[in-house]
Amino acid sequence: MPLSEPRDLAPQRLDNLRALIRESGVIRVEALCRQLGVSPATVRRDLDQLERSGAIRRVHGGAVSVESRLDEPLFDDKASLAAREKRRIAEAALSFVVADETIYLDGGSTVLELARLLRERTNVTVVTNSLRAAHELAGRGPRLILIGGELRRLSQTVVGPLTRQTLEGLHLDKAFMGTIGMSVQEGMTTTDPGEAYTKDLVMKQARQVILLADSSKAGKVSFARAGSLDEVDVLITDAKVDKQFARELAERKIKLVKA
């Protein structure tokens, strides 16, 4: 749209802008300019207006939709989403498990698939905050250490500040992490601040962080920030991952594994 457009078209442009941001989750000013056909100054002015209305949040170089924050499904419902991709991601992650290491298993449904593959491995130590992963490994398999803290029933994980006492006393060789959303600008996000707290703490304790996430998580933003993607060494995802997202990971020297 030209800069001289009538004022009565501005509400329509704002609606289009809001829809684009909501659909993308996170989007840059340059992309909005291309899609709307307006100047950067016009986009920035419109973004300011949307931020004042509470529909979006400005970030460096772009915007995040508050409306795109992801709700978290029940664990069993979440486990059924992209089930084939999650199994393949877990199988690829298994190759990163080395004998005599201490590894951390996060509470995500994809990480649970990895836990199931570890039931015959007795030569590693597993630290976890996931009740589901602990149940899978309780009868046989690796040496198992559960961290203490507050139970979050929705995700079946132990989270929050009480987890610090255990985690700060451990040295983790690798941390296999899950996430609700991931973007270059906003990092890894989840729905619960207590869970985000524990995820961030784990990654600081681990020598190598391996993120297990199917491609549907890319570009999505949830409520609580759980860490920067710069803290991730390896992302294991599926073959549908967005090419632009993959290039941005490569620029940050994050190894990408397509399962």
Side-chain angles (χ1 to χ4, degrees), residues 72-149 151-159 163 166-167 170 172-182 188 190-192 195 198-199 202-203 205-217 226 232-241 255-259:
E72 183 176 357
L74 295 173
F75 191 94
D76 290 330
D77 293 338
K78 183 168 60 174
S80 68
L81 299 172
R84 181 181 300 177
E85 288 85 352
K86 289 175 180 179
R87 283 194 295 272
R88 289 176 176 170
I89 291 168
E91 289 167 357
L94 186 63
S95 66
F96 286 84
V97 178
V98 177
D100 300 320
E101 285 189 335
T102 297
I103 65 173
Y104 182 87
L105 298 183
D106 191 32
S109 55
T110 308
V111 181
L112 179 60
E113 289 292 331
L114 175 59
R116 291 170 175 148
L117 297 176
L118 292 171
R119 285 180 292 196
E120 305 302 324
R121 296 288 295 269
T122 59
N123 57 356
V124 294
T125 296
V126 168
V127 180
T128 189
N129 72 328
S130 167
L131 297 189
R132 295 296 185 98
H135 178 73
E136 290 291 337
L137 300 173
R140 64 184 188 275
R143 179 190 182 196
L144 184 62
I145 298 173
L146 279 70
I147 63 175
L151 174 64
R152 182 169 183 256
R153 290 185 175 88
L154 181 60
S155 60
Q156 293 288 285
T157 52
V158 176
V159 303
T163 61
T166 301
L167 287 170
L170 299 176
L172 305 170
D173 293 298
K174 295 185 177 78
F176 293 91
M177 308 299 295
T179 190
I180 296 291
M182 58 180 176
M188 292 160 287
T190 186
T191 58
D192 181 74
E195 193 151 58
T198 297
K199 286 175 180 286
V202 165
M203 291 188 289
Q205 296 297 115
R207 183 170 52 84
Q208 186 178 36
V209 175
I210 302 171
L211 181 61
L212 312 185
D214 65 82
S215 60
S216 69
K217 309 288 181 67
V232 175
D233 299 291
V234 181
L235 169 63
I236 306 178
T237 187
D238 57 72
K240 300 175 186 177
V241 65
K255 181 177 180 180
L256 179 66
V257 177
K258 297 180 184 179

Discussion item. With rounding to the nearest 0.5 angstrom, report the CZ to CG distance, Arg119 to Leu117.
Written reply: 8.0 Å

Item to complete: Look at Glu113 together with Arg87 and state whether they make a salt bridge at an N to O cut-off of under 4.0 Å.
Response: no

Worksheet item: Is any side-chain heavy atom of Met177 less than 4.5 Å from a side-chain heavy atom of Met188?
Response: no

Discussion item. With a 3.5 Å distance limit and no angle check, can you tell me whether Lys86 reaches the backbone of Ser109 through a side-chain donor-acceptor pair?
Written reply: no

Item to complete: Examine distances only and state if a side-chain atom of Thr157 and a backbone atom of Val159 form a donor-acceptor pair shorter than 3.5 Å.
Response: no

Worksheet item: Could you give the distance from CD1 (Ile145) to CD1 (Ile147), rounded to the nearest 0.5 Å?
Response: 11.0 Å

Worksheet item: Are the side chains of Lys258 and Val241 in touch, meaning some heavy atoms are under 4.5 Å apart?
Response: yes

Item to complete: Please tell me if the side chains of Tyr104 and Leu170 come closer than 4.5 Å, counting only heavy atoms from C-beta onward.
Response: no

Worksheet item: Is it true that a side-chain atom of Thr163 and a backbone atom of Gly149 form a donor plus acceptor pair closer than 3.5 Å?
Response: no

Discussion item. Within the structure provided, determine whether Thr179 and Thr190 are in side-chain contact (heavy-atom separation under 4.5 Å).
Written reply: no

Item to complete: Answer yes or no: is there a donor N or O on one side and an acceptor on the other, between the side chain of Asp233 and the main chain of Val209, under 3.5 Å?
Response: yes

Worksheet item: Under 3.5 Å, is there a donor-acceptor pair between the side chain of Thr237 and the main chain of Ala213?
Response: yes

Practice prompt. First locate atom CZ of Arg84, then atom CG of Asp238, and finally report the distance between them rounded to the nearest 0.5 Å.
Written response: 11.5 Å

Worksheet item: Taking side chain as C-beta onward, heavy atoms only, is Phe176 less than 4.5 Å from Ile236?
Response: no

Worksheet item: Is there a donor-acceptor contact under 3.5 Å from the side chain of Asp106 to the main chain of Gly178?
Response: yes

Worksheet item: Rounded to the nearest 0.5 Å, how far apart are NZ of Lys174 and CG of Leu105?
Response: 12.5 Å

Worksheet item: Has the side chain of Glu136 got a donor or acceptor atom that lies under 3.5 Å from a matching backbone atom of Leu112?
Response: no

Worksheet item: Do Asn129 and Arg152 come close enough that some side-chain heavy atom pair is under 4.5 Å?
Response: no

Practice prompt. Before accepting this row, confirm whether a basic side-chain N of the pair Glu91/Arg88 lies closer than 4.0 Å to the acidic partner's carboxylate O.
Written response: no

Worksheet, complete the sentence: CZ of Arg140 to OG1 of Thr122, rounded to nearest 0.5 Å, is 12.0 Å

Fill in: More than 12 heavy atoms of other groups within 6.0 Å of Arg207 CZ
yes

Worksheet entry | Spatial distance of atom NE2 (His135) from atom CD (Gln156) [nearest 0.5 Å] | 11.0 Å

Practice prompt. Using modelled atom types only, decide if a donor and an acceptor are shared between the side chain of Asp173 and the backbone of Ile103 within a distance under 3.5 Å.
Written response: no

